[in-house]
Amino acid sequence: MFELRQITKAYGEQRALDGLSLRIEPAATTALIGPSGCGKSTLLRVLIGLVGADAGEVLLDGAPLTPARLPDARLRMGYVIQQGGLFPHLTARDNATLMAAHLGWPRERISARLDELVTLTHLPADVLDRYPGELSGGQNQRVALMRALMLDPEILLLDEPLGALDPMVRSELQDELKQIFAALKRTVVLVTHDLPEAAFLADRIVLMRAGRAVQTGLLADMVQRP
Ligand code: ADP
Ligand code: ADP
């Protein structure tokens with residue numbers, strides 16, 4: 001789906017990505033794991049084109065992801081930033097449907113899609129008319145996920161989607177995410193710093209350190225054997 005070749009990105013003096021090369025397989029969940037500051041969020045931003053690489057190449061479907069291709073490519077991607085990134089002055093419903101409304105979907109189509117997503121994410125329907133400040137952490141992340149899924153993207157980029165949740169809610173949402181990934185069969189790139197979570201949710205794990213992908217594979221292949 002994606003191929004990254006020798007990607008370098010620095011913020012001033014700080015190298016966030018340092019010659020990173022990686023393939024992201026289609027219709028599978030890839031977890032990016034590694035310590036804070038190793039470049040995971042930056043890598044997601046490069047994939048969706050929010051951040052341009054200083055050097056290297058990003059290929060989508062085998063062809064360079066040029067600025068001219070970006071608007072179309074972005075419509076194929078759903079993105080959940082850390083803490084969800086919901087707009088605080090919009091209700092949950094308006095957050096979720098913003099992009100579809102902007103694209104001019106008819107009201108009935110938006111409402112039918114919303115119904116599907118409420119079912120998929122197990123969001124209580126009465127939550128839709130509340131504002132993000134009135135939602136629990138788990139509800140907030142469900143709405144963020146609904147917003148990312150609204151246009152039925154082929155690619156889902158999730159940056160620590162469960163990072164800020166307490167352990168009970170986190171474990172419940174891990175189960176739900178696993179079901180959602182299995183039901184949708186999309187290309188998912190999931191950032192986490194939690195190895196058990198990566199092992200539970202992902203088909204493939206990419207271990208990052210200091211702006212590079214240092215190891216890629218199945219968890220079983222990564223565990224050191226005595
Ligand atoms: P992460 O959990 O991905 O490490 P951070 O807490 O480091 O996230 O970053 C949160 C936000 O602050 C991001 O939007 C990131 O781009 C920005 N940020 C991170 N480090 C710096 C920095 N050294 N200078 C300015 N902005 C930064
Ligand atoms: P991770 O997601 O693995 O925590 P990030 O991609 O957020 O890592 O950050 C990688 C490095 O780049 C860190 O050193 C971070 O402080 C720095 N960084 C990230 N975003 C910014 C930013 N907007 N401005 C300056 N430095 C940043």
Side-chain angles (χ1 to χ4, degrees), residues 1-25 28-60 65 67 70 73-74 77-88 137-138 140-141 144-145 147-148 153 155-167 169-170 173-174 177 181 186-219 221-223:
M1 189 99 229
F2 286 106
E3 185 174 349
L4 298 157
R5 293 181 181 160
Q6 294 290 320
I7 298 292
T8 296
K9 170 67 195 176
Y11 299 100
E13 298 279 282
Q14 180 65 47
R15 275 208 175 181
L17 298 176
D18 190 12
L20 178 140
S21 296
L22 179 65
R23 294 172 65 95
I24 305 278
E25 304 298 333
T29 298
T30 299
L32 306 178
I33 190 157
S36 183
C38 71
K40 304 182 297 295
S41 301
T42 301
L43 175 49
L44 283 197
R45 291 184 199 123
V46 166
L47 292 178
I48 198 166
L50 288 176
V51 152
D54 301 331
E57 212 175 16
V58 182
L59 307 184
L60 175 62
L65 186 52
L70 258 185
R74 274 203 196 151
M77 303 185 205
Y79 181 35
V80 175
I81 64 171
Q82 281 179 40
Q83 322 287 346
L86 296 179
F87 298 114
N140 189 85
Q141 291 310 87
L145 191 62
R147 183 170 70 178
I155 300 161
L156 200 51
L157 306 173
L158 306 176
D159 196 345
E160 292 275 7
L162 311 182
L165 304 175
D166 69 59
V169 178
R170 184 170 183 140
L173 266 161
Q174 280 172 348
L177 273 186
F181 295 165
R186 297 294 189 268
T187 305
V188 180
V189 185
L190 168 78
V191 166
T192 176
H193 58 255
D194 184 44
L195 188 58
E197 180 169 294
F200 178 66
L201 289 174
D203 303 300
R204 247 167 108 249
I205 294 178
V206 174
L207 204 60
M208 287 181 60
R209 188 149 48 85
R212 291 166 176 263
V214 291
Q215 212 179 345
T216 299
L218 304 172
L219 180 67
D221 302 330
M222 288 191 183
V223 177

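Atoms within a ligand are numbered from 1 in the order they appear, just like the ligands themselves.
The ligand atoms of ligand 2 that sit less than 4.0 angstrom from a heavy atom of Gln14 are 12 (O), 14 (O), 17 (C). The Ser41 neighbourhood of ligand 2 comprises atoms 1 (P), 2 (O), 6 (O), 7 (O), with distances under 4.0 Å to a heavy atom of that residue. Close approach to Lys40 involves these atoms of ligand 2, each under 4.0 Å from a residue heavy atom: 1 (P), 2 (O), 3 (O), 4 (O), 6 (O), 8 (O). When each atom of ligand 2 is checked for a heavy atom of Thr42 under 4.0 Å away, the hits are 5 (P), 6 (O), 9 (O). Set against the non-hydrogen atoms of Ser36, the atoms of ligand 2 under 4.0 Å away are 4 (O).
Cation-pi geometry between Arg147 and Tyr79 is not met at under 6.0 angstrom from the ring centre and within 45 degrees of the axis.
For Pro35, the heavy-atom gap to ligand 2 drops under 4.0 angstrom. Look at Cys38 and you'll find a heavy atom under 4.0 Å from some atom of ligand 2.
In this structure Ile24 satisfies the side-chain contact (heavy atoms from CB on, under 4.5 Å) test together with Phe2, Leu22, Thr30, Thr187, Val189, sequence neighbours excluded.
Applying the side chain to side chain donor-acceptor pair (under 3.5 Å) test to residues at least two apart or on different chains, the pairs with a partner in residues 188-199 are Glu160-His193, Arg170-Glu197, Gln174-Glu197, Thr192-Glu197.
At a threshold of 4.5 Å between non-hydrogen side-chain atoms, the residues Pro161 and Leu190 count as touching.
For the residue pair Thr8 and Asp54, no side-chain donor N or O sits within less than 3.5 Å of a side-chain acceptor on the partner.
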**Asked** Taking it one step at a time, do Met208 and Leu43 satisfy side-chain contact (heavy atoms from CB on, under 4.5 Å)?
**Response** CA-CA 10 Å; Met208 287 181 60; Leu43 175 49; 3.8 Å; yes

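Residue Gln82 has no N or O atom closer than 3.5 Å to an N or O atom of ligand 2.
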